[in-house]
Undergrad: 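This structure is in structure tokens; I'll ask about it shortly.
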Amino acid sequence: MPAITLPDGSVRQFDAPVTGTDVAAAIGPGLARAALAMKLDGKEVDLSTPIGQDASVVFITRRDPEALELIRHDAAHVLAEAVQALYPGTQVTIGPSIENGFYYDFARNDPFTPEDFPAIEAKMREIVGRGEKFVREEIDRDAAIAFFQDRGEKYKAQLIQDLPGTETISLYKQGDWLDLCRGPHMRSTADVGTAFKLMKVAGAYWRGDHRNAMLSRIYGTAWRDQKELDAYLHQLEEAERRDHRKIGKEMDLFHIQEEAVGSIFWHPKGWKLYRTVEAYMRRRLDANGYQEVKTPQLVDRSLWEKSGHWDNYRQNMFITQVQDEDKFLALKPMNCPCHIQIFRQGMRSYRELPLRMAEFGSCHRYEPSGALHGIMRVRAFTQDDAHIFCTEEQIAPETARFITLLSQIYADFGFPDFRIKFSDRPEARIGSDDLWDHAEASLREACAIAGVAYELNPGEGAFYGPKLEFVLRDAIGRDWQCGTLQVDPNLPERLDAEYVGEDGARHRPMMLHRAILGSFERFLGILIEQYAGRFPLWLAPVQAVVATIVADADDYAREVAAAFARAGLAVETDLSNQKINAKVREHSLAHVPVLAVVGRKEAESRTVALRRLGSQAQEVLSLDEAVARLASEATPPDLKSGNVA
RNA sequence: GCCGGCGUAGCUCAGGGGUAGAGCAACUGAUUCGUAAUCAGUAGGUCCACAGUUCGAUUCUGUGCGCCGGCACCA
């Protein structure tokens with residue numbers, strides 16, 4: 001007879017097999033009301049699951065983080081029932097819970113539009129209000145396939161068909177409606193609650209494969225209560241204000257126009273930001289043993305044929321041809337083959353390794369139109385690229401060294417936390433398993449040396465080697481790969497790079513492809529969103545504005561601005577005949593970090609009144625002191641004393 | 001590339017089969033003011049492009065282009 005161990009260590013004996021519902025009731029009416037599901041020996045299951053033997057049970061209530069996932073998953077079922085009730089003939093497919101919500105993919109001739117949402121939401125509330133019990137039923141595989149086929153649910157039938165034969169097929173009923181589902185679920189549709197909202201419609205390929213039919217996906221968000229939902233919606237609104245496209249316009253940083261899709265027109269302030277980041281990166285690379293090079297933009301197709309890119313990526317390359325010439329040149333989509341050309345000049349010795357060759361390489365790729373996104377995903381971009389030619393033994397130490405450098409740089413830009421994904425061998429790959437074993441082991445070892453944790457991203461490596469991806473998140477919660485490090489034993493072979501070893505014989509170097517920012521464009525986009533345009537002083541494109549209160553202070557204001565400029569500050573003057581209130585407002589909205597206000601008082605005493613963005617306080621300093629202090633504050637992190645790279 | 005939505009002044013947006021409107025910005029003038037909007041005036045538009053329907057299209061229909069949200073892709 002089952003003895004149930006509870007989280008507090010206590011044990012309850014029962015005379016006969018029980019369900020979670022029974023156990024909760026035995027403990028108390030409060031828990032019986034609150035329990036939504038349970039963890040049975042660590043596995044999440046329905047409350048109604050029978051317990052015949054000794055087991056440990058942890059109840060999940062609305063307060064537990066696990067509840068969110070249950071609510072969202074159940075909400076997806078409720079959505080599916082609502083849709084099938086309102087739009088007969090719609091087939092159901094899958095509907096998981098996701099971060100912040102859920103979605104459900106439907107097969108239907110006429111896709112949904114947001115105008116359908118009110119009706120669907122109303123129907124969902126009705127279903128939740130009915131509080132139909134979720135009833136689990138296990139069913140024979142063939143019977144299940146026949147059942148769904150009879151109902152015209154061919155996607156469900158196919159799902160079952162493709163499940164491994166050992167899998168138990170379970171259905172979940174809620175009143176008259178049912179769905180194929182592994183579970184678990186809460187007690188009834190009432191447990192979903194009312195804190196949900198349909199968010200958007202989207203197309204999505206069946207099983208994520210572009211060769212398959214496109215389904216109509218409805219996204220929703222669901223929370224434990226209205227307060228959480230409101231907070232989430234509010235947070236979304238806030239995030240939209242940080243959108244780099246919006247801020248880029250407001251701060252006059254850049255624009256993109258139809259005649260150059262996927263390419264950026266950098267305006268003076270945006271380019272200033274770009275140059276600040278570039279100058280910083282160049283100093284970091286110089287200090288870390290990199291040699292900077294510059295390679296051609298247009299390169300004959302023969303080189304791309306040798307490297308393999310012509311075969312693999314021709315569709316995504318910009319090809320040019322000059323009139324009256326048969327030659328085809330490609331705008332380089334990447335820098336590696338060019339760097340190998342430099343490596344191949346003359347005879348290389350093992351003594352030169354590891355050789356770190358860096359380039360702020362301008363690349364062009366014909367990205368699919370749907371992939372373009374502001375300045376984060378473009379067709380013309382500049383990588384902070386470098387290739388490290390090294391021996392196999394040097395892979396791990398070089399990688400560790402790289403991670404250290406990257407961490408430092410990310411921290412300087414205000415990203416102390418980032419995610420690392422480890423992508424190992426994909427199905428379609430070149431090179432022997434032995435080679436891959438070595439390359440992956442080196443990367444793992446490097447991560448251990450660097451002391452960093454990573455998530456495994458199975459099968460997502462490049463075709464030539466495993467890679468690490470360094471991922472940052474934008475304002476809206478989308479993840480972007482920025483940094484990367486790829487181990488490549490292949491390209492040196494194809495393009496015949498070699499060096500003379502200690503033994504006097506010729507060897508193939510290994511090649512590490514690596515980038516820290518990834519591309520300037522993407523990184524600047526993330527950076528803009530990270531700071532919502534309110535950059536730290538060293539990054540701000542306009543660091544200070546000297547604003548006058550009266551015209552009598554104009555000459556002094558010019559003097560102050562000149563002194564700021566001599567100290568290397570990016571400064572502007574505002575001598576317009578507006579009230580100081582208006583000037584404060586205008587430059588605050590423009591995210592200028594320092595406002596130096598001068599009136600008659602300041603002109604007479606040779607002081608300035610500094611006001612920092614986000615603060616209402618004023619600090620009156622002598623001109624000399626203000627210059628010294630701001631100049632020191634505006635020093636890039638790598639140039640601060642005591643922090644020399 | 002695929003599915004859906006959108007495209008009106010520099011920006012944010014309203015409007016609607018009879019060739020367009022607001023706020024902010026810009027420009028001009030007045031105002032010289034002490035830390036988040038001084039007042040008045042002026043100017044500003046191929047209503048994304050092309051085709052079709054119509055007496056007449058910015059408005060309706062179609063196609064193209066671009067943008068936005070997803071999906072797929074991301075060397």
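Since the model is a prediction, treat every value here as computed from it, not as a measurement.
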Undergrad: If you look at every strand shown and take non-hydrogen atoms under 4.0 Å, does A202(A) touch a base, only sugar-phosphate, or nothing?
TA: base
Undergrad: Identify whether any heavy atom of G308(A) sits under 4.0 Å from a base atom; if not, whether one sits that close to sugar-phosphate; answer base, sugar-phosphate or nothing.
TA: nothing
Undergrad: Classify P111(A) by what it touches in the nucleic acid, base, sugar-phosphate, or nothing, heavy-atom distance under 4.0 Å.
TA: sugar-phosphate
Undergrad: Whole angstroms only, please: what is the CZ-P distance between R494(A) and A75(B)?
TA: 16 Å
Undergrad: For G69(B), does OP1 or OP2 lie under 4.0 Å from any side-chain N or O of R245(A)?
TA: yes
Undergrad: With both distances under 3.5 Å as the test, what is the Watson-Crick or G-U wobble partner of G56(B)?
TA: none
Undergrad: OP1 or OP2 of U32(B) versus the side-chain N and O atoms of R600(A): is any pair under 4.0 Å?
TA: no
Undergrad: Just name whichever nucleotide pairs with A36(B), Watson-Crick or G-U, keeping both distances under 3.5 Å, else none.
TA: none
Undergrad: Nearest-Å distance, CG (L215(A)) to P (C71(B))?
TA: 13 Å
Undergrad: Minimum heavy-atom separation for I526(A) to F415(A), with atom names?
TA: CG2-CZ, 3.5 Å
Undergrad: Between G34(B), C74(B), C65(B), which nucleotide has the shortest distance from any of its atoms to the side chain of K601(A)?
TA: G34(B)
Undergrad: Can you check the distance between U59(B) and G7(B), where both ends of the measurement are the P atom (answer in whole Å)?
TA: 12 Å
Undergrad: Please name the nucleotide paired to U19(B) by Watson-Crick or G-U wobble geometry with both distances under 3.5 Å, or report none.
TA: none
Undergrad: Using only side-chain N and O atoms of R478(A), determine if any of them is under 4.0 Å from OP1 or OP2 of G69(B).
TA: yes
Undergrad: Which nucleotide, in any strand shown, forms a Watson-Crick or G-U wobble pair with G41(B), with both distances under 3.5 Å?
TA: C27(B)
Undergrad: Could you tell me whether a side-chain N or O of W271(A) sits under 3.5 Å from a main-chain N or O of F265(A), the two making a donor and an acceptor?
TA: no
Undergrad: When you compare A22(B) with G15(B), how far apart are their C1' atoms, in angstrom units rounded to a whole number?
TA: 11 Å
Undergrad: Assess whether one donor atom and one acceptor atom, taken from the side chain of R377(A) and the base of C73(B), lie less than 3.5 Å apart.
TA: yes
Undergrad: Give the rounded distance in Å between these two atoms: NE2 of H210(A) and P of C74(B).
TA: 10 Å
Undergrad: Determine whether the side chains of E440(A) and S442(A) contain a donor N or O and an acceptor N or O closer than 3.5 Å.
TA: no
Undergrad: Evaluate whether the aromatic ring of Y464(A) and the six-membered ring of the A75(B) base sit under 5.5 Å apart, centre to centre, with an inclination under 30°.
TA: no
Undergrad: Between G17(B) and C47(B), how many Å separate the two C1' atoms, rounded to a whole number?
TA: 14 Å
Undergrad: Any strand is fair game: report the nucleotide pairing with C50(B) by Watson-Crick or G-U wobble, both distances under 3.5 Å, or none.
TA: G62(B)
Undergrad: With nearest nucleotide decided by heavy atoms, which residue, A551(A) or N316(A), maps closer to the 5′ end of RNA chain B?
TA: A551(A)
Undergrad: Is the backbone N or O of K306(A) less than 3.5 Å from a side-chain atom of R494(A), with the two atoms forming a donor-acceptor pair by type?
TA: yes
Undergrad: Taking only side-chain N and O atoms of K467(A), does any of them lie within less than 4.0 angstrom of OP1 or OP2 on A75(B)?
TA: yes
Undergrad: Using whole Å, what does the distance between atom P of nucleotide U32(B) and atom CG of D554(A) come to?
TA: 14 Å
Undergrad: Check the orientation of Y454(A) and F422(A). Use parallel for under 30°, tilted for 30 to 60°, and perpendicular for over 60°.
TA: tilted
Undergrad: Determine whether the side chains of N316(A) and E367(A) contain a donor N or O and an acceptor N or O closer than 3.5 Å.
TA: no
Undergrad: Expressed in whole Å, how much space separates the P atoms belonging to C48(B) and C13(B)?
TA: 15 Å
Undergrad: Can you tell if the side chain of I395(A) reaches within under 4.5 Å of the side chain of V487(A), non-hydrogen atoms only?
TA: yes
Undergrad: Measure the distance from CG on D252(A) to P on C24(B) and round it to the nearest whole Å.
TA: 21 Å
Undergrad: Between K294(A) (side chain only) and F360(A) (backbone N and O only), is there a donor and an acceptor less than 3.5 Å apart?
TA: yes
Undergrad: I'd like the P distance from C11(B) over to A49(B), given in whole Å.
TA: 15 Å
Undergrad: Taking the inter-plane angle between the rings of W480(A) and H373(A) on a 0 to 90° scale, is it parallel (under 30°), tilted (30 to 60°) or perpendicular (over 60°)?
TA: tilted
Undergrad: Base, sugar-phosphate, or nothing for Y219(A), non-hydrogen atoms under 4.0 angstrom?
TA: sugar-phosphate
Undergrad: Classify the side chain of Y205(A) versus the base of G70(B) as yes if they form a donor-acceptor pair under 3.5 Å and no if they do not.
TA: no
Undergrad: Given that both distances must come in under 3.5 Å, which nucleotide forms a Watson-Crick or G-U wobble pair with C67(B)?
TA: G5(B)
Undergrad: Going by atom types alone, do K156(A) and T93(A) pair a side-chain donor with an acceptor below 3.5 Å?
TA: no
Undergrad: Taking atom C1' in both U19(B) and G23(B), compute the distance separating them and give it to the nearest angstrom.
TA: 24 Å
Undergrad: Please report, rounded to the nearest Å, how far the P atom of A75(B) is from the CE atom of M317(A).
TA: 15 Å
Undergrad: Hey, does the side chain of S369(A) come within less than 4.0 Å of G1(B)'s phosphate (OP1/OP2), counting only N and O?
TA: yes
Undergrad: Roughly how far apart, to the nearest Å, are U8(B) and C67(B) at atom P?
TA: 14 Å
Undergrad: Select one nucleotide: of G69(B), C3(B), C74(B), the one nearest the side-chain heavy atoms of M214(A).
TA: C3(B)
Undergrad: Go nucleotide by nucleotide along RNA chain B from the 5' end; which of V261(A) and Q481(A) gets its closest nucleotide reached first?
TA: V261(A)
Undergrad: Considering only the C1' atoms, how many Å lie between G66(B) and A43(B), rounded to the nearest integer?
TA: 29 Å
Undergrad: Below the 4.0 Å mark, does C74(B) have OP1 or OP2 next to a side-chain nitrogen or oxygen of H373(A)?
TA: no
Undergrad: To the nearest Å, give me how far apart CZ (R217(A)) and P (A72(B)) are.
TA: 7 Å
Undergrad: Return the orientation label for the F389(A) and H387(A) ring planes: parallel under 30°, perpendicular over 60°, tilted otherwise.
TA: tilted
Undergrad: Could you state the CG-P distance from D574(A) to U32(B), rounded to the nearest angstrom?
TA: 18 Å
Undergrad: Under 3.5 Å between N/O atoms: give me all the protein pairs with nucleotides 35-38 of chain B, atom names plus distance.
TA:
{"residue": "U35(B)", "atom": "O3'", "partner": "R611(A)", "partner atom": "NH1", "Å": "3.3"}
{"residue": "U35(B)", "atom": "O2'", "partner": "R611(A)", "partner atom": "NH1", "Å": "2.4"}
{"residue": "U35(B)", "atom": "O4", "partner": "Q618(A)", "partner atom": "OE1", "Å": "2.8"}
{"residue": "A36(B)", "atom": "OP2", "partner": "R611(A)", "partner atom": "NH1", "Å": "3.4"}
{"residue": "A36(B)", "atom": "O4'", "partner": "N581(A)", "partner atom": "O", "Å": "3.4"}
{"residue": "A36(B)", "atom": "O4'", "partner": "R585(A)", "partner atom": "N", "Å": "3.3"}
{"residue": "A36(B)", "atom": "N7", "partner": "R611(A)", "partner atom": "NH2", "Å": "3.2"}
{"residue": "A37(B)", "atom": "N9", "partner": "R585(A)", "partner atom": "NE", "Å": "3.4"}
{"residue": "A37(B)", "atom": "N7", "partner": "R585(A)", "partner atom": "NE", "Å": "3.1"}
{"residue": "A37(B)", "atom": "N7", "partner": "R585(A)", "partner atom": "NH1", "Å": "3.2"}
{"residue": "A37(B)", "atom": "N7", "partner": "R585(A)", "partner atom": "NH2", "Å": "3.2"}
{"residue": "A37(B)", "atom": "N6", "partner": "R585(A)", "partner atom": "NH2", "Å": "2.4"}
{"residue": "A37(B)", "atom": "N1", "partner": "R585(A)", "partner atom": "NH2", "Å": "3.2"}

